[in-house]
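First comes the structure, then the notes that go with it.
Chain naming here is simple, since letters A, B, ... match the order of the sequence lines and numbering starts at 1 in each.
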There are 2 protein chains.
Amino acid sequence: MKTYINPNPKEWGDLSQRKTLALTDLSETVKGIFSDVQKNGDKAVSKYTHIFDGVTITDFSVSNEEMQNATTLVSEDLKNAIQEAAKNIKQFHTSQKEIATKVETTSGVYCWRENRAIETIGIYIPGGTAPLFSTVLMLAIPAQIAGCQNIILCSPPNKKGEIDSAILYAAQLTGVTSIYKIGGIQAIAALTFGTETVPKVSKLFGPGNQYVTAAKQYAQQQGIAIDMPAGPSELLVIADDTCDADFVASDLLSQAEHGEDSQVILVANSIEIIEKVKIAIGVQKAKLPRIAIIEKALENSRALVLNSIDEAIKFSNYYAPEHLILAIDDAENKLVKIENAGSVFIGNYSCESAGDYASGTNHTLPTNGFAKNYSGVSLDSFVKKITFQKITATGIQNLGKTIEIMAAAEQLEAHKNAVSIRLKKIQNGQY
Amino acid sequence: MKTYINPNPKEWGDLSQRKTLALTDLSETVKGIFSDVQKNGDKAVSKYTHIFDGVTITDFSVSNEEMQNATTLVSEDLKNAIQEAAKNIKQFHTSQKEIATKVETTSGVYCWRENRAIETIGIYIPGGTAPLFSTVLMLAIPAQIAGCQNIILCSPPNKKGEIDSAILYAAQLTGVTSIYKIGGIQAIAALTFGTETVPKVSKLFGPGNQYVTAAKQYAQQQGIAIDMPAGPSELLVIADDTCDADFVASDLLSQAEHGEDSQVILVANSIEIIEKVKIAIGVQKAKLPRIAIIEKALENSRALVLNSIDEAIKFSNYYAPEHLILAIDDAENKLVKIENAGSVFIGNYSCESAGDYASGTNHTLPTNGFAKNYSGVSLDSFVKKITFQKITATGIQNLGKTIEIMAAAEQLEAHKNAVSIRLKKIQNGQY
C-alpha cells in the first residue's frame, strides 16, 4: 500500500486505476455453451455440470426434503442472525416504494407513473468454499417486495451435488420460488433461454467469476436485462484526526479479504493518520485467516495525503468508489458534496460490514467507477415504471394545436391527423 | 394487416413477433471507427464526417451566431408549441423527484437514499429530412431537472454543414450545454472516449439508425451506460364497441408512419370493430404523405379478435407493447391488469401523438418486448441513487452480533473483526 503525498491532480487518473485482470477472451466459450443450451436444454446443462462441477445431476431442482434438511442443518444462531438482517433489509427496501402522484399538466391532461414487478427474475449465487447467503437476502427480498412472481435461483452444486444449507435457508425465508443446482455459464444460459426445467427470466442478478460475468454480458446482448456491469470490490476511506486508526484498518482489511483483485484507498489530510492506520493494519492482519489474499489486495491499494477533506471528497468523486467510509468530523454536513459512490458509511461506527450484511442497505453496488453512471440494486431494480395518461375532450382541445404544429414540423402528418380528427368530431358536436 | 380470429394461445408467440431486420454485422465497422476516434480524436471524427455526411467541417461546435439565427428562423407558432410542450414535460418530470426518507431499521441504525445527477450525459439526435426536436425536449428537460452539469448533444450536419434550427432552438430552451455537428458511429465514439473538442460522457441517450444502435451497444461494453436497447416503434390498441373507429385508425396510422419496420396491433372483442377500423384506415391513409411507409408497416401488422377485453389485456401483457391505447369502456378500472407496457393511453381522446409530443410523459420507451424488463426514460435515468448509513455506538451494539455471526458463516473473519474491534472498545469504555 504505497503512500502518495499531495499528488498532482493530473496523477488522479493513474491513482484511480483499478487492477484489471488479464481476462481471457471467453466470448467463443460463452457462445458455444449458450448455443448448446438453447438447442439441447437440460441435456446440455447436465453435460456442462458434469464437465465443470464434476458431478452428475439428474434432477436440478432442489427437493422439498433438501429444503427441510437445510432448515435443521443451519444453527439457531445463524438463523436468528439471518432473520434479523432480513427484517432490516425488508424494512429499508419497503421504504423505497413509491406512491403514484397524478399530475394535471394541462387542464384535462392527466399523467402519472405506476410500478409493475418484473414477472420472472433470476438470481445467481456463486459456489465456492463460503456460502454467500447474504446475497440471497439482498436480491430475493426486494424481488419479493416488488411482487416478482417467479424468483429463480441458480447456484452450482458441490461435489456431493448439493447447495449449502445457509443458501437454501435464506432462499426459503425470502420467497425464492425455485432453486436449481446449476452454476457457471450453463446457469446463465439456462436462465436466458429457458430449458425443460428452468424458466426463462427477464432480468439477471448476482455476482460471479469471470465466466459468469462474460455470460451475463452475452445474455444482455440477447435482450435479458442485468443488474449492473461487474468489477472487483473496492472501498475508499476518508479519514481525519477524529478517526480511530484501528477501526479504519479493520475496514480496509475487511474489504481487502474479498479477493486478490480488491482495492482499498485511504485518503487522509495528514501523513500521521496514514502511518497510524498502516501500523494497525500490520497488527490486525497477522491474525486474519485470509492474510494471503489481503496482502495481494494491499498491493493494488493506495494511501493518499491531500490538503483538506474537501479535496479528499473531490478525489473520491473522481474515483467513484463502490463503498465510501467517512471517518471524519462533522461528516453529515459533507454529504451534499458526495457525487459518486455506491454506498456511504458515516462516522466511526458505520463499518462496511454492517452494510454488507445487516443494516438494511443493499450490498449489490456499482464497482470499477460505475458509481458515476449506475445505482446499486434497490426496489427499482425489480420493477418497471409504466407511464399512464388520460386526456379528456377538454384536454385534447387545450393541447391539440400544440401537437398539430409540432407533428407538422417533424413532417409526421399522420401524427397530426390523429389529433385533427378528434378535434373535428368534437367541434362538429359528435361528442 | 391480417386478421386472426380467436387464435390459440400457443400462437401468441408467433403473433408477437416483431419484424427483425436482417441486420448487417456492424461490429467490425464499429470497432474500427471507435479505435480510430480513440486514437486520433477530432481528426478521425472529421474524416468520418467527410465520408458519411459528405461535408467538410473544421469546427464541430455550433457557434453562438448559429444559435441566435436558429431562434429567428423558427416560426413563432412552432416556438410557442415547443414551449407549451416543454412546460408539460418539465412539470411531469419534476413530479418524479423523490424526497429522501430516513429509516431507522434498528435502534441507532439509520439508512436512506439520495439522488445525485450523472455529471455528463450525451444526447444523440438523428438527422434526416425531419428534425426530431421533440426528442431534444424528452431527453434534455429531465437531464436539466436532474441537475446534470454537462448535457452534450450530437446531431449529424446536413450537406451545408448545419443542424436544423428547430433542434437548436429546442436545445437552447432546455439547457443543453454544448452542441456538436457530428453524427453516426463517429458521434457515439467521440462521446465514449472524448476528443479534443467533445467531452467524454457517462451515459448515452437517444434514437438512431442501425449504425448508431450498434455503436451504442459497443459503447456500453466500454462502460458507458445507455438509455435502453433499441428496436422499431410499435403500438397496440385494445378496442371494444365504445371505441371510435376513426380515432383508432388514426392512431394506428400515426404509429405506422414512423418507419417500414414499425408494427401496429389491433385487438378487439368483435370482428365488426376490426372491420370498421380497417375501412377507416383505407379512407385516412389515402390522404397521408407517408403512405408508402405506412403500407409497408401495415404488412408487419396484425388484427386479433379475442373473446374478451380481459383476454386482450393478457395478450397485450404477453406482447409488451411500447405504446398501448385502451379504447375501451371503463378503461381506468382495467389498469391494474396492465403488467407490461411502455406508456398507456386511456380512452378515446388520449392519442399516442399527445404523448409523443406534448402531454408531459416521455416518448423514449422500451420497444421489442423490452417493456417486460425496462422502463421508459424518466428523471431516474439521469441520476444515481446513493445509499447512506449512519450507525451510532448504540446501533453497532444492537446490530453487532448479527453481523459477526453472518460474517463468520461466510468465512470472512476480517468482516467480523471490523465489528468486534468496535464492540470491544465500546465495552472497554474507550468511547
Is it the backbone or the side chain of Ala358(A) that comes under 4.5 Å from a heavy atom of chain B, or both, or neither? both

To the closest 0.5 Å, what do you measure between OH (Tyr357(B)) and CD1 (Ile405(A))? 12.0 Å

Given Thr106(B), Thr402(B), Val109(B), the one that forms side-chain contact (heavy atoms from CB on, under 4.5 Å) with Asn88(A): Thr106(B)

Against chain B, label Glu404(A) side chain, backbone, both or neither, depending on which of its atoms sit under 4.5 Å from a heavy atom there. neither

With chain A, which of Lys416(B), Glu104(B), Glu332(B) has the greatest number of heavy-atom pairs at distances under 4.5 Å? Glu332(B)

Option that, when pairs with chain A are counted at under 4.5 Å, heavy atom only, ranks first among Gln91(B), Lys90(B), Glu84(B): Gln91(B)

Side-chain touch Leu412(B)/Arg290(A), heavy atoms, less than 4.5 angstrom: yes

With a 4.5 angstrom heavy-atom cut-off, which part of Phe133(A) approaches chain B: side chain, backbone, both or neither? both

Between Asn362(B) and Thr387(A), is any pair of side-chain heavy atoms under 4.5 Å apart? no

Using side-chain hydrogen bond (donor to acceptor under 3.5 Å, both in side chains) as the criterion, point out the one residue from Glu257(A), Gln255(A), Glu352(A) that pairs with His415(B). Glu257(A)

Tell me whether Glu410(B) contacts the main-chain N or O of Ser134(A) through its side chain, where contact means a donor paired with an acceptor under 3.5 Å. yes

Rounded to the nearest 0.5 Å, how far does CD of Gln411(B) lie from CG of Leu132(A)? 10.0 Å

Using a 3.5 Å distance criterion without hydrogens, assess whether the side chain of Ser350(A) forms a donor-acceptor pair with backbone atoms of Ile391(B). yes

Flag the one option from Lys285(B), Glu98(B), Glu114(B), Lys203(B) with the top tally of heavy-atom pairs under 4.5 Å to chain A. Glu98(B)

In terms of heavy-atom proximity below 4.5 Å to chain B, should Lys102(A) be classed as side chain, backbone, both, or neither? side chain

Check whether any side-chain heavy atom of Asp251(B) lies under 4.5 Å from a side-chain heavy atom of Arg422(A), and answer yes or no. yes

Quick one: what part of Asp356(A) sits under 4.5 Å from any heavy atom of chain B, side chain, backbone, both or neither? side chain

For Ser343(A), is it the side chain, the backbone, both or neither that has a heavy atom under 4.5 Å from a heavy atom of chain B? both

Here the pair of heavy atoms bringing Gly223(B) nearest to Asn373(A) is O-ND2, 3.2 Å

Distance check, rounded to the nearest 0.5 Å: Trp112(B) atom CH2 versus Phe92(A) atom CZ? 9.5 Å

Which heavy atom of Ala354(A) sits nearest a heavy atom of Ile403(B), and at what distance? CA-CD1, 3.5 Å

Using heavy-atom distances under 4.5 Å, tell me whether Leu288(A) contacts chain B through its side chain, its backbone, both, or neither. side chain

Heavy-atom cut-off 4.5 Å, strictly under: side chain, backbone, both or neither for Leu399(A) against chain B? side chain

Against chain A, work out which of Asn417(B), Leu253(B), Leu252(B), Thr361(B) has the most heavy-atom pairs shorter than 4.5 Å and name it. Thr361(B)

Pairs of heavy atoms under 4.5 Å with chain A: top-ranked of Leu324(B), Ile396(B), Asp244(B): Asp244(B)

Is the closest basic N to carboxylate O distance between Asp380(A) and Arg113(B) below 4.0 Å? yes

Top contributor to chain A interface from Gly360(B), Pro131(B), Ala85(B), Ala117(B) [non-hydrogen pairs under 4.5 Å]: Pro131(B)

Portion of Leu137(A) that has a non-hydrogen atom of chain B nearer than 4.5 angstrom: side chain

Taking everything shown except Lys401(B) itself, do over 12 heavy atoms lie less than 6.0 Å from its NZ? no

What residues form a ring-ring contact (aromatic ring centres under 6.0 Å, His included) with Tyr374(A), not counting sequence neighbours? Phe370(A)

Residue part contacting chain B, namely of Val344(A), when any heavy atom lies under 4.5 Å: both

Are any side-chain N or O atoms of Lys87(A) and backbone N or O atoms of Thr105(B), one a donor and one an acceptor, separated by less than 3.5 Å? yes

Report which part of Ala371(A) has an atom under 4.5 Å of a heavy atom belonging to chain B: side chain, backbone, both, or neither. backbone

Under the side-chain contact (heavy atoms from CB on, under 4.5 Å) rule, collect the residues that match up with Ala393(A), sequence neighbours excluded. Ile426(A), Tyr349(B)

Chain B contact via Val383(A) - which portion, at a heavy-atom distance below 4.5 Å: backbone

Which bit of Lys287(A) is near chain B, if near means a heavy-atom gap under 4.5 Å: side chain, backbone, both or neither? neither

